[in-house]
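First the proteins, then the strands, lettered A, B, ... as listed; each starts at 1.
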Amino acid sequence: MEWIGMDWDEGPHKGGDFGPYLQSERLDIYRKHLETLAEGGHAYKCFCTADDLEAREEEITEEGGQWEGYDGFCRHLDDDEIAAKEAEGLPFAWRLRTPEEGSTFWYDIVLDKLEFQNELLVDRVIFKADGFPTYQFAVVVDDHDMGISHVLRGDDHVSNTPFQLLIYAAMGWKPPKFGHMPMILGPNKKRLSKRHGATNIGDFQNQGVLPAAMTNYLALLGWSPGGNADEVMTREAIIKKFSLKKVNSSPAAFDYDKLAHINSEHIKRLSADDRLDLAKPIVAKGGWSMDSDWLINGVEDDEGYLVRILGTLGNRFSNLVTLAEQIGFFFTEEHFVDQEAWNEHVAPESARAILVALSSAIEKTLDMDVAQPASAFEEVVRATAEEMGVKAGELIHPSRVALTGQTRSAGIFEVMELVGARRVVARMKNAANS
RNA sequence: GUCCCCAUCGUCUAGUGGUUAGGACACCGCCCUUUCACGGCGGCAACACGGGUUCGAUCCCCGUUGGGGAUGCCA
């Protein structure tokens, strides 16, 4: 959450006026509220064990009946029966006594009016036999005690809401406003699962997604700025435009392609300085630095080198992972190599011959002890092509793969300039002999 | 099974009781080009179905179908 810039007002390790925040430290609070409920007759002890419940469920189902989760067995025990069971030392849980008739409804911020018939609501457990509250009870208590005004959550919680509302009612508390957002489904419209790839935001971070892009894409799921408005927005723009009232109520399928697109749009709109900030950690992580022996035209230091690299790269990267692939070969011989490209453009005999011819032409024509500009490399390449009677492209493709390990890169002559004549020659010879 | 939610291009969506149903992603052409991107231009493609209501329904109502969710002494 912190990655995409979300934070919280209070909590463990952060503090606040409504602590304690750890459930274990709040036990006494839950117990106190349970007592209130019990005194008001809104909660009762249930001595049914899991086995009891299972047996009765089987019985009812066999008779063709419908088991709704609980049959109210202990709901009507009288004081003597309860005392007897307690005397036996039977463990018990507490259940909420829900109304038998009428309905529970609320006006959902996104779904509008939602209504459930009380007779369909079962008496769910609010305090377990182990002495701990259930989630249903704990959230209500916490939200109330901490002064929560709005509960916004996934619509998989819709059917929990009437039960929670009943707890608020039983406690005599004013419930918060509820808003249920559509769920995000996988690309196949089924539940989002691991097989789809990344499912939690940390995975996206590893895949080179910018936090701003992630926020942007997520906001677009179930909401839209409307009409022909630009979908690519900064956090600030989204916050300004966003409205709960415009949130869709239908579930949305997650589309990795669109996320990638939003990501690349965000990257395209980054300033040179921002790009530099993005690239620096990658360089640091690789432990890369420039060697003055490379003799690179117009470059003084590491940062200057990186700036030049980023400049020639332009918009040729759409996420942080490809960015790493696109700058690695400038710094190290241990860079990423696309095997397929290598096999196609470097491995063939003809390509090797070309690399040998071109590398020796460069060596002969250019002064290897001086930094060379792109134009110098271009001259040699074109002249060599003419000499060999082939198009320049014939030399360019093998060169690109030999130098960068990839079929895609910035303009090849700029690449040569930034790799430096010495390494250009070395890599070409190396490739020819590989 | 029961209850609840949902339904516009393949996907995310805009939109209206009368529109050539708009945009974005993806996809397909073409242009640019030393590659790959970028960019530019163009194209394909949707109101789930059946009944109503109405002069007229994509839009309102009902049903069907389809999808999702909930049905825990998990959170």
What's the gap between rG69(B) and rA26(B) when it is taken at their P atoms, as a whole Å value? 28 Å
Let's test your reading of the model: under 3.5 Å, does the base of rU35(B) pair with the side chain of R408(A) as donor and acceptor? no
Give me the atom names and distance for the closest heavy-atom approach of A43(A) to I126(A). CB-CD1, 4.0 Å
With sugar-phosphate meaning primed atoms plus P, OP1 and OP2, does T407(A) contact a base, only sugar-phosphate, or nothing at under 4.0 Å between heavy atoms? base
With rounding to the closest Å, how many angstrom separate the P atoms on rC3(B) and rC9(B)? 29 Å
Nearest-Å distance for atom pair CG/C1', residues N248(A) and rG68(B): 14 Å
Flag side-chain contact, heavy atom, 4.5 Å: L185(A) against R191(A): no
I need the OH-C1' distance between Y217(A) and rA26(B), as an integer number of Å. 12 Å
Which part of the nucleic acid does A93(A) contact within heavy-atom distance under 4.0 Å: base, sugar-phosphate only, or nothing? base
What is the pairing partner of rC27(B), taking Watson-Crick or G-U wobble pairs with both distances under 3.5 Å in any strand? rG43(B)
Taking the side chain of R400(A) as its heavy atoms from C-beta onward, which of rU35(B), rA70(B), rC38(B) lies nearest to it? rU35(B)
For L221(A), answer base if it contacts any base atom (sugar-phosphate contacts may also be present), sugar-phosphate if it contacts only those atoms, and nothing otherwise; contact means non-hydrogen atoms under 4.0 Å. sugar-phosphate
Side-chain donor-acceptor contact under 3.5 Å, H345(A) with S399(A): no
Contact class for G393(A) (heavy atom, under 4.0 Å): base, sugar-phosphate, or nothing? nothing
Paired with rU35(B): which nucleotide, if any, by Watson-Crick or G-U wobble criteria at under 3.5 Å for both distances? none
So that I can tick it off, tell me whether D142(A) and R26(A) are bridged by a salt bridge, with the cut-off set at under 4.0 angstrom between side-chain N and carboxylate O. yes
So does I309(A) get a backbone contact from the side chain of T312(A), meaning a donor-acceptor N/O pair under 3.5 Å? yes
Quiz question: going by heavy-atom distance under 3.5 Å, is there a donor-acceptor pair between the base of rC36(B) and the side chain of R316(A)? yes
Quick one: on RNA chain B, does L53(A) or W67(A) contact a more 5' nucleotide (nearest heavy atom)? W67(A)
Counting side-chain heavy atoms from CB outward, which of rG22(B), rC73(B), rG67(B) is closest to K190(A)? rG67(B)
Take atom CG of L114(A) and atom C1' of rG69(B), then tell me their distance rounded to the nearest Å. 12 Å
Nearest-Å distance, CD (Q406(A)) to C1' (rU34(B))? 16 Å
May I ask you to verify if any side-chain N or O of R191(A) is less than 4.0 angstrom from the OP1 or OP2 atom of rG69(B)? yes
Is there a donor-acceptor contact under 3.5 Å from the side chain of Q406(A) to the main chain of E325(A)? yes
Out of rU11(B), rC25(B), rU2(B), whichever nucleotide has its closest atom nearest the side chain of A253(A): rU11(B)
Just the rounded figure in Å: distance from P of rA37(B) to CG of L323(A). 17 Å
Counting Watson-Crick and G-U wobble pairs only, both distances under 3.5 Å, name the nucleotide matched with rU64(B), or none. rA48(B)
Minimum-distance nucleotide (side-chain atoms of H261(A) versus rA24(B), rG68(B), rC5(B)): rA24(B)
Aromatic centroids of F331(A) and Y305(A) separated by under 6.0 Å: yes
Pairing partner of rA14(B), by Watson-Crick or G-U wobble and under 3.5 Å for both distances, is none
Integer angstrom distance from the C1' of rC30(B) to that of rA48(B): 36 Å
Which part of the nucleic acid, if any, lies within reach of G154(A) when heavy atoms closer than 4.0 Å are counted: base, sugar-phosphate only, or nothing? nothing
Touch class at under 4.0 angstrom, heavy-atom based, for F413(A) against every strand present: base
Given the side-chain rings of F204(A) and F254(A), with only the six-membered ring counted for Trp, is the space between their centroids under 6.0 Å? yes
Students often get this wrong, so: under 4.0 angstrom with heavy atoms, is A138(A) touching a base, only sugar-phosphate, or nothing? nothing
Which nucleotide in the set rG68(B), rA7(B), rU34(B) lies at the smallest distance from any side-chain heavy atom of S250(A)? rA7(B)
Have a look at S224(A) and say if it touches a base, only the backbone sugar-phosphate, or nothing, with a 4.0 Å heavy-atom cut-off. sugar-phosphate
Quick one: E54(A) CD to rG72(B) P, roughly how many Å, whole number? 12 Å
Picking from rC5(B), rG23(B), rA75(B), which would you name as closest to the side chain of K128(A)? rA75(B)
Starting at NZ of K189(A) and ending at C1' of rU11(B), how long is that distance when rounded to a whole Å? 8 Å
Nearest-angstrom distance from the residue atom CD of E57(A) to P of rG1(B): 16 Å
C1' atoms of rG17(B) and rC60(B), separation to the nearest Å: 9 Å
If we take the P atom in both rG15(B) and rC36(B), what is their distance in whole Å? 40 Å
With P as the reference atom in both, quote the distance from rG42(B) to rG22(B) in angstrom, rounded to an integer. 15 Å
Among rC25(B), rU34(B), rA14(B), the nucleotide that comes nearest once only the side chain of D255(A) is considered: rC25(B)
Pairing nucleotide - rU2(B), Watson-Crick or G-U, each distance under 3.5 Å: rA70(B)
Give a yes or no on whether a salt bridge exists between E265(A) and K268(A), defined as a side-chain N under 4.0 angstrom from a carboxylate O. yes
Picking from rC12(B), rG39(B), rC73(B), the nucleotide nearest the side-chain atoms of A252(A) would be rC12(B)
Between rC38(B), rU34(B), rC73(B), which nucleotide has the shortest distance from any of its atoms to the side chain of R95(A)? rC73(B)
What distance, rounded to whole Å, do you find between the two P atoms, one in rA37(B) and one in rG1(B)? 49 Å
Could you tell me whether Q136(A) contacts a base, only the sugar-phosphate backbone, or nothing, with contacts defined as non-hydrogen atoms closer than 4.0 Å? base
With a 4.0 Å cut-off on heavy atoms, is K268(A) in touch with a base, just the backbone sugar-phosphate, or nothing at all? sugar-phosphate
Atom C1', compared across rG40(B) and rC59(B): separation rounded to whole Å: 37 Å
Does a distance-only test, which skips hydrogens and angles, find a donor-acceptor pair under 3.5 Å between the side chain of K258(A) and the base of rA24(B)? yes
Backbone of G328(A) reached by a side-chain donor or acceptor of T332(A) within 3.5 Å: no
Using heavy-atom distances to pick each residue's nearest nucleotide on RNA chain B, tell me which of A129(A) and D257(A) is more 5'. D257(A)
Which of rU35(B), rC12(B), rG69(B) is nearest the side chain of D156(A)? It is rG69(B)
